[in-house]
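Some notes on the structure that comes next.
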Amino acid sequence: MSEASAHAAHHTAPTGFIRKYVFSLDHKIIGLQYYALGLVAVVTGMVLSWIMRIHLVWPNSPIPLVQWLSKVGAPGGVVTPEYYLSLMTMHGTLMVFFVLTNAPFAAFGNYFLPIQIGAEDMAFPRFNMMSFWTTFVAFCILISAFFVGDGPPLAGWTAYAPLSAVGKDSGPGEGLGQTLWGLSIFVFCIASLLGSLNFIATTLDLRTKGMTLARMPICTWAWFITSCISLLAFAVLLPACLLLVLDRVGGTSFFIPSGLNVSDHLQPHQGGSPLLWQHLFWFFGHPEVYIAIVPAMGIVSHILINNMRKPLLSHKVIVYCMMAIGFLSYMVWGHHMFLSGMNPFSALVFSFPTLMITIPATIMTLIWLGSLYGSNLRINAASLFCLGFISMFVAGGVSGFFLAQPTIDIYLHATYFVVGHFHMVMGVAAIFGVFAGTYFWFPKMTGRMMNETLGRWHFWLSFIGTYAIFMPFHYLGLAGNVRRYSAFTDDFLVPLVPVHKFITYAALFTGAAQLIFLFNLIYSRFKGPAATANPWECTSLEWSTPSSPPPFDNFGGVHPVVYHDPYQYGVKSSTGDYLMQTSPERAGETP
Amino acid sequence: MRGNMGGKIFAVLVIVIALASAVPIVTHTWFGSNISLAPPEDISTHGSEIDKQLDETMLEAGLSFLAAQLVLGVFVWQFGGRKDGVLKNFPGGAKYLVVAALLLVGAEAVALGALGTKAWGSVYFQPASADALQVQAQAGQFAFYFRYAGPDGKFGGIHPEKIDEGNSNFFGLDPENDIPARDDITSGELVIPVNKEIHLMMHAKDVGHSFYVRELRIQQDFVPGLDLSVHFTATKVGKYEIVCTQLCGLGHYNMKAYLNVMSQDDFDKWLKAQSQ
């Protein structure tokens with residue numbers, strides 16, 4: 001047995017409230033903290049999207065309570081064009097960093113990765129605590145941008161220089177707000193690096209006896225692969241943000257060339273390159289898509305297998321595909337920059353691996369679909385969200401085929417087609433993974449069951465609603481509807497406004513449906529029926545802990561021993577049609 | 001029983017959604033209304049290649065989308081809520097699916113990647129021809145300006161410190177010291193002759209912007225500090241909107257100009273009138 005026991009004595013269960021729930025070293029509490037932060041961020045981000053959607057179709061109507069957000073940005077509740085861009089920037093930043101990076105990866109990964117490999121905690125519990133609180137600081141810095149002089153930045157979550165770099169001259173929000181944005185993401189990168197290192201060390205060093213790499217559940221693999229992607233990606237965004245902040249406050253010129261006349265002020269900078277920022281940003285930015293989606297792929301595979309009562313057609317192929325996606329994700333960043341003025345030959349070089357990524361993605365989809373065949377598929381809120389994930393992943397994936405081609409990108413670049421594509425594939429699909437994970441693991445995390453009926457209604461409304469929002473975005477893109485506009489005043493955009501109205505109604509409806517989930521989450525936490533030890537009859541280690549939630553050291557002082565591959569379903573055993581990884585029993589014949 | 005119903009509902013829902021999603025793609029309009037959702041008529045010499053590529057990709061991607069959603073629906077209908085049935089594996093198992101994905105998607109990717117570069121090449125790999133009409137475009141917060149070389153055929157130099165919008169010196173010209181600048185013609189509208197190649201030289205005054213004309217099938221960023229250019233030939237007389245597609249600040253949504261395509265005669269008259 002390994003390092004697991006060596007680390008066991010490092011810390012004992014705390015007794016005080018602060019050390020138990022606030023500055024906790026326990027990976028499970030830290031996982032829940034990440035989840036809670038993700039929840040606050042997603043609610044904030046969603047409310048911002050509501051304001052944006054309402055403003056887009058009724059630009060001159062006051063929106064209730066919005067004047068309270070900013071007197072300057074929304075006088076009388078009517079959002080100004082610049083404040084629309086600020087809301088958009090904050091929406092994107094909150095969702096990408098604090099929701100899509102935190103929830104599927106940091107929250108569930110923290111909670112379940114150590115348990116699934118039979119460890120008592122992460123390899124570096126103090127690092128782990130620091131990761132969360134550093135992320136929290138990053139969140140506070142970002143939110144503080146709402147309360148400074150001229151409000152949050154308006155340069156978008158991509159913060160293209162020189163708009164983001166030259167300071168106040170380039171517009172409202174480009175003063176202190178943009179600097180705070182740069183600092184926030186800088187701090188976030190530090191937190192993510194610490195977290196990724198911890199995940200990697202934990203997976204490699206703390207596996208319990210018998211838990212070979214091949215016996216790790218697919219979601220453990222997904223979190224491990226994601227932490228490798230994340231380590232390399234944030235390591236590049238970190239210095240990029242530092243250079244951006246230096247350009248803003250230190251008088252340097254990394255991203256600003258000479259001869260710029262912004263708002264009648266000749267800028268004192270010289271020698272920088274706006275394309276440098278784009279390269280550094282997208283070198284992070286594209287892998288970031290996979291940081292959001294790979295954990296969701298893992299979670300969905302794990303839950304789907306449990307509900308199909310049989311393993312996937314191939315466990316290995318799914319893991320290899322996730323690795324291939326992670327590897328390819330570093331070679332494709334230039335497809336965000338086909339029209340940026342970089343050498344046009346390089347567009348072809350970036351286009352090819354982008355098209356190639358379709359291959360592992362298609363293999364995974366076919367394996368999921370093929371595995372459904374001949375299964376005893378249980379239908380519940382968790383499995384429905386898994387099926388919804390597959391549907392969304394396909395819908396968002398096929399549109400990537402358009403954008404991967406520089407020829408077509410000439411027409412579709414910077415239109416709503418792009419907005420529809422990434423919202424479906426990295427936004428909704430990843431969030432569906434988080435929902436599936438929540439319904440599935442809630443009994444383990446709280447000891448109570450979530451309400452199944454509410455869970456299903458949440459799924460039906462969310463599934464219909466997200467399609468109603470994001471499919472029409474593609475149609476608008478085909479009509480050439482430009483993104484990041486705060487109003488549609490161009491001759492060719494005015495006729496498209498009724499479609500935007502439909503989307504706004506769909507967004508309000510779908511957002512409201514999330515209240516069902518919030519209610520279910522809070523109500524079930526306190527009033528849900530008690531969960532049995534293994535309510536889903538699942539095989540992996542998180543369901544062999546002595547209690548729900550698991551005790552401080554996860555396995556009550558025992559080091560579990562693993563005897564089997566992770567997914568022994570459809571077998572004959574004393575427990576029924578499955579065999580726990582920790583069961584020394586040998587599986588009988590398939591019943 | 002209840003679980004079974006859930007599977008049936010999902011199956012029907014996913015197939016209905018998939019089919020409904022295809023309706024605006026096939027009809028090019030928004031569900032029975034007269035709102036057009038198709039790309040507007042192409043008015044360029046290279047655009048038909050882009051449209052062809054878009055159509056082919058739409059066919060392949062659309063069929064893949066429909067097929068996958070249909071299979072998902074059928075399998076969930078068939079196996080959703082089934083209890084204690086005999087577990088079966090998909091005929092052939094993972095191996096055939098992997099081979100199928102490699103062959104089908106691989107071939108599709110190679111075909112689209114290799115054959116689909118023709119239009120890209122015609123815009124970006126071939127330089128503008130020597131007799132193309134040179135026009136300089138400048139993007140700044142939040143307007144486009146266009147400049148023609150005038151009778152001497154030479155552009156004056158740009159001096160950012162001399163930009164003075166109050167006196168219509170949008171480009172920062174220095175006619176006092178710079179002879180070629182004296183006859184330069186500046187316009188807020190991009191006026192071009194039809195069926196004549198245009199070499200558009202792009203200059204960003206302040207931050208990043210982009211030049212997008214849907215009908216021309218042309219989009220290109222203005223990047224501060226970089227001398228970029230595109231070339232195109234418009235084939236149809238008319239007025240078209242030029243819009244900015246790179247987020248450039250508070251007035252981004254309102255940053256636009258018109259492309260005015262004229263007959264050569266009308267263009268010559270227009271140019272003459274401007275230089276007087």
Side-chain angles (χ1 to χ4, degrees), chain A residues 81-82 156 160 162-163 170-171 257 259-262 266 274 310 313-314 317 339-341 344 351-352 355 358-359 362-363 366 369-370 372-377 379 391 394 398 401-402 405-408 410-411 413-414 467 471 475 478-480 482 484-487 490-492 495 499 570, chain B residues 3 6-7 10 14 17 21 24 30 35 37 50 53-54 57 61 64-65 68 71-72 75 79-83 85 87-88 90 93-94 97-98 101 105-106 109 112-113 116 119-120 124 160-161 163 205-208 214 217 219-221 223-226 228 241 243 245 247 249-250 253 256:
Chain A
E82 57 270 30
Y160 270 22
L163 179 64
S170 64
L260 298 192
N261 183 321
V262 186
L266 195 65
K310 76 182 190 82
L313 290 175
S314 172
V317 168
L339 309 178
S340 68
S351 169
F352 190 67
L355 289 164
T358 322
I359 294 177
T362 308
I363 293 176
L366 291 182
L369 290 176
L372 285 170
Y373 178 86
S375 66
N376 286 328
L377 178 64
I379 299 293
S391 177
V394 170
V398 291
F401 228 71
F402 293 78
Q405 301 175 55
T407 299
I408 299 181
I410 295 176
Y411 182 76
H413 188 81
Y467 262 108
M471 255 311 164
Y475 313 146
L478 288 169
V482 183
R484 292 176 156 175
Y485 273 24
S486 66
D490 298 280
D491 303 345
F492 73 99
V499 183
Chain B
F10 178 85
V14 78
I17 287 177
S21 298
W30 176 247
I35 301 169
L37 295 170
I50 294 180
Q53 190 71 9
L54 185 63
T57 307
S64 312
F65 168 77
V71 170
L72 177 64
F75 284 179
F79 301 104
R82 196 170 79 128
K83 274 184 190 143
L87 293 173
K88 284 182 287 187
F90 191 74
L97 294 177
V98 171
V105 185
L112 290 175
W120 179 260
Y124 287 106
E161 71 283 359
I163 290 175
K205 168 180 163 256
D206 40 35
V207 300
R214 297 179 314 147
R217 306 293 192 267
Q219 184 169 190
Q220 174 63 50
D221 281 2
V223 181
L226 281 187
L228 300 170
E241 270 173 317
V243 295
T245 51
L247 178 55
L250 70 97
Y253 75 103
K256 57 183 150 190

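Within every chain, numbering begins at 1; the chains are lettered A, B, ... in the order of the sequence lines, protein sequences first and strands thereafter. The analysis underlying the following values was restricted to heavy atoms, covering all of them including side chains, and did not include hydrogens, waters or symmetry mates. Remember, it's a predicted structure, so these values are computed and weren't measured experimentally.
Nearest heavy-atom pair across P274(A) and P224(B) is CG-O, 3.4 Å. Taking every heavy atom of both residues into account, V398(A) and A61(B) meet most closely at CG1-O, 3.8 Å. Between Y253(B) and P81(A) the shortest heavy-atom distance is CE2-CB, 3.5 Å. Shown here for P162(A) and V207(B), the closest heavy-atom pair between the two residues is CG-CA, 3.9 Å. What you find for A101(B) and T362(A) is that their closest heavy atoms are CB-CG2, 4.1 Å. Here the shortest heavy-atom pairing between S391(A) and V14(B) reads OG-CG2, 3.6 Å.
Considering only heavy atoms from C-beta on, Y124(B) comes within 4.5 Å of L339(A) through its side chain. Between L54(B) and L478(A), the closest side-chain pair of non-hydrogen atoms falls below 4.5 Å. Side-chain contact check for D206(B) versus L260(A): every heavy-atom pair is 4.5 Å or farther apart. Using a 4.5 Å heavy-atom cutoff, the side chains of N261(A) and E161(B) are not in contact. In this structure, V243(B) and Y485(A) have side chains that are in contact, with non-hydrogen atoms separated by less than 4.5 Å.
No other option in P257(A), A487(A), G480(A), S375(A) has as many heavy-atom pairs under 4.5 Å with chain B as S375(A). Most heavy-atom pairs under 4.5 Å with chain A, from the set A109(B), G208(B), G225(B), G93(B): that is A109(B). Options S64(B), G249(B), P24(B) differ in how many heavy-atom pairs under 4.5 Å they form with chain A, and the most are formed by P24(B). Chosen from S314(A), G341(A), G171(A), G156(A), the residue pairing most often with chain B at heavy-atom distances under 4.5 Å is G341(A). Per-residue counts of heavy-atom pairs under 4.5 Å with chain A were compared for L247(B), T245(B), I35(B); the largest is that of L247(B).
Interface remark: Y467(A) contributes side-chain atoms only to the contact with chain B (heavy atom separation under 4.5 Å). With a 4.5 angstrom heavy-atom cutoff, F402(A) touches chain B via backbone and side-chain atoms both. If you measure heavy-atom distances from F401(A) to chain B, the contacts under 4.5 Å come from both the backbone and the side chain. In this structure, the portions of L313(A) lying under 4.5 Å from any heavy atom of chain B include both its backbone and its side chain. For chain A, the nearby parts of L97(B) are the backbone and the side chain; heavy atoms of each come within less than 4.5 Å. Heavy atoms of P495(A) lying under 4.5 Å from chain B belong exclusively to its backbone.
W120(B) places a side-chain N or O within donor-acceptor distance of the main-chain N or O of P344(A), the cut-off being under 3.5 Å. In terms of modelled atom types and a separation under 3.5 Å, the side chain of R217(B) and the main chain of Y411(A) share no donor-acceptor contact. In this structure, N376(A) contributes its side chain and G85(B) its backbone to a donor-acceptor pair below 3.5 Å. Between the side chain of Q219(B) and the backbone N or O of I410(A) there is at least one donor-acceptor pair closer than 3.5 Å. Here the side chain of E241(B) pairs a donor or acceptor atom with the backbone of D491(A) at under 3.5 angstrom.
Taking CG of L377(A) as the reference point, atom CZ of F10(B) lies at 9.5 Å (rounded to 0.5 Å). Note: H413(A) NE2 to D221(B) CG = 5.5 Å, rounded to the nearest 0.5 Å. Taking CG of L369(A) as the start and CG of L72(B) as the end, the distance is 6.0 Å to the nearest 0.5 Å.
With sequence neighbours excluded, no residue forms a salt bridge (Lys or Arg N to Asp or Glu O under 4.0 Å) with R214(B). Checked against salt bridge (Lys or Arg N to Asp or Glu O under 4.0 Å), K205(B) has the following partners two or more places apart in sequence or in another chain: E165(B).
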**OP:** Any chance you could lay out the side chain to side chain contact (heavy atoms under 4.5 Å, CB included) test for Y475(A) and S21(B), step after step, and finish with the verdict?
**Re:** CA-CA 10 Å; Y475(A) 313 146; S21(B) 298; 3.8 Å; yes
